[in-house]
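As structure tokens, the structure follows; a few thoughts come after it.
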Amino acid sequence: MLLKDKVAIITGAASGIGKEIAFEYAREGAKVVIADLALDAAAATADEIGKEGLTAMAVAMDVTKEEQVDQGVADAVAAYGSVDILISNAGIQIISPIVDLSREQWKKMLAIHLDGAFYTTRACMREMIKAGKGGTIIYMGSAHSHEASPLKAPYVTAKHGLVGLAKVVAKEGAKDNIRSNVICPGFVRTPLVDKQIPEQAKELHMTEDEVIKNVMLKETVDGQFTTTEDVARTAIFLSSFPSNALTGQSILVTHGWHMQ
């Protein structure tokens, strides 16, 4: 039980990668807080985890709303006593050429990915410092934290920004034994990615199979999607690492797409 009795807040945890991390963390002994915009879906995920005899609760959290973030973190602390781990995972995708991208789309993407990371980081760091036990903050980046792709200007911008934020948190948090890292997955077959396939096919004038083979998986070494399990196990490794030797880093989980 690598995370026994650790309290982990995971944003966007009602589906996809966040949900997989929530289950794996709970199985490793963590008390998991499912923070999601959709409270009903978050509660359903918490109930699923509870049926395995594990510990989880749901909180409503729009990560772009400062007050909701602060309240959700406060609710987690009231229930479980502290915050040991933050997984800043909430995110969306918008496919559009720059010339067609609206101001509202740009701002929405940056608000969810960057404002949300900032608000949750600030709230959790305050609690970690207050408790004096240290902590771990993990951002869900992407191969696009290091690479660019057409049609994804705000997403690529935001994912690059998370790497910068993690480095600052690593330096500022070190005195309080708080470390931060970024997980950078390749394409994972979540609803977010499934939605992109027809959108990219339309914009790039390709078939959906061509998008998968020639766009999404072209740069991998084996033509395989990253799995939610791959990402969850990486999150467990980073949050259970015993020292600050591993902090301020971005870990690529991409089947070889972008090698550092």
Residues two or more places apart in sequence or in another chain: which of them pass side chain to side chain contact (heavy atoms under 4.5 Å, CB included) with Glu172? Val168
Give a yes or no on this: more than 12 heavy atoms of other residues, nucleotides or ligands lie within 6.0 Å of atom NZ of Lys19. yes
Where at least one partner belongs to residues 180-204, residue pairs that pass salt bridge (Lys or Arg N to Asp or Glu O under 4.0 Å), sequence neighbours excluded: Arg189-Asp194, Lys195-Glu199
Do you know which of Thr120, Leu238, Val169 makes side chain to side chain contact (heavy atoms under 4.5 Å, CB included) with Ile137? Val169
What is the distance from atom CD1 of Ile129 to atom NZ of Lys175, rounded to the nearest 0.5 Å? 5.5 Å
For a quick check under 3.5 Å, do Thr55 and Tyr80 share a side-chain donor-acceptor pair by atom type? no
Can you list everything that forms a salt bridge (charged side-chain N to carboxylate O under 4.0 Å, His left out) with Lys130? Sequence neighbours excluded, please. Glu127
Filter on salt bridge (Lys or Arg N to Asp or Glu O under 4.0 Å), then keep only pairs touching residues 82-105, sequence neighbours left out; what's left? Asp84-Lys133
Who passes side chain to side chain contact (heavy atoms under 4.5 Å, CB included) against Ala35, sequence neighbours left out? Ile9, Thr11, Val59, Met61
Once you round to the nearest 0.5 Å, how far does OG of Ser180 lie from NZ of Lys167? 10.5 Å
Who are the side chain to side chain contact (heavy atoms under 4.5 Å, CB included) partners of Gln249, not counting sequence neighbours? Asn181, Leu246, Ile251
Going by salt bridge (Lys or Arg N to Asp or Glu O under 4.0 Å), name the pairs with one or both residues in residues 63-78, residues two or more places apart or in two chains. Asp62-Lys65, Glu66-Arg122
Joint cluster assignment, Leu162 & Met125, ILVMFWY side-chain distance < 4.5 Å: yes
Considering only heavy atoms from C-beta outward, does the side chain of Lys6 approach that of Ser239 to under 4.5 Å? no
Are Val156 and Leu165 connected in the hydrophobic side-chain network, where two residues link if heavy atoms are under 4.5 Å apart? no
Test your reading of the model: is there a side-chain donor-acceptor pair from Thr228 to the backbone of Ile17, 3.5 Å cut-off? no
Considering all heavy atoms of both residues, which atom of Met57 and which atom of Ala76 are nearest to each other, and what is their separation? SD-CA, 4.3 Å
Are Glu147 and Lys159 ion-paired here, with the side-chain N under 4.0 Å from a carboxylate O? no
Report the distance from atom OG1 of Thr121 to atom CE of Met128, rounding to the nearest 0.5 Å. 8.5 Å
Other members of the hydrophobic cluster containing Leu192, with the 4.5 Å side-chain heavy-atom rule, please. none
Hydrophobic clustering (ILVMFWY, side-chain heavy atoms < 4.5 Å, transitive) - are Ile10 and Leu37 grouped together? no
If you link I, L, V, M, F, W and Y whenever their side-chain heavy atoms are under 4.5 Å apart, who else ends up in the same group as Val193? Ile95, Leu151, Phe187, Ile197, Leu204, Met206, Val211, Ile212, Val215, Met216, Leu217, Phe225, Trp257
Any non-hydrogen side-chain atom of Val73 less than 4.5 Å from a side-chain atom of Cys124? yes
To the closest 0.5 Å, what do you measure between CD (Gln200) and NE2 (His205)? 12.5 Å
How about Met259 and Val221: do any of their side-chain heavy atoms sit closer than 4.5 Å? yes
Excluding Leu252, membership of its hydrophobic cluster (Ile, Leu, Val, Met, Phe, Trp, Tyr; side-chain heavy atoms within less than 4.5 Å) reads none
Side chains of Leu3 and Ser240 in contact at under 4.5 Å (non-hydrogen atoms): yes
When hydrophobic residues are tied together by side-chain contacts of less than 4.5 Å, even through go-betweens, does Leu86 share a cluster with Ile183? no
For Phe241, check ring pair (Phe, Tyr, Trp, His ring centres under 6.0 Å) against everything at least two apart and list the hits. Phe237
Distance check, rounded to the nearest 0.5 Å: Asn89 atom CG versus Tyr139 atom OH? 13.0 Å
Side chains of His255 and Gln224: is there a donor and an acceptor less than 3.5 Å apart? no
Tell me whether the count of non-hydrogen atoms from other residues, nucleotides or ligands lying under 6.0 Å of CD1 in Ile98 goes above 12. no
Check whether any side-chain heavy atom of Met140 lies under 4.5 Å from a side-chain heavy atom of Val231, and answer yes or no. yes
Would you kindly say whether Tyr155 and Ser149 are connected by a side-chain donor-acceptor distance under 3.5 Å? no
Among residues at least two apart in sequence or on other chains, which ones pass side chain to side chain contact (heavy atoms under 4.5 Å, CB included) with Asp209? Thr207
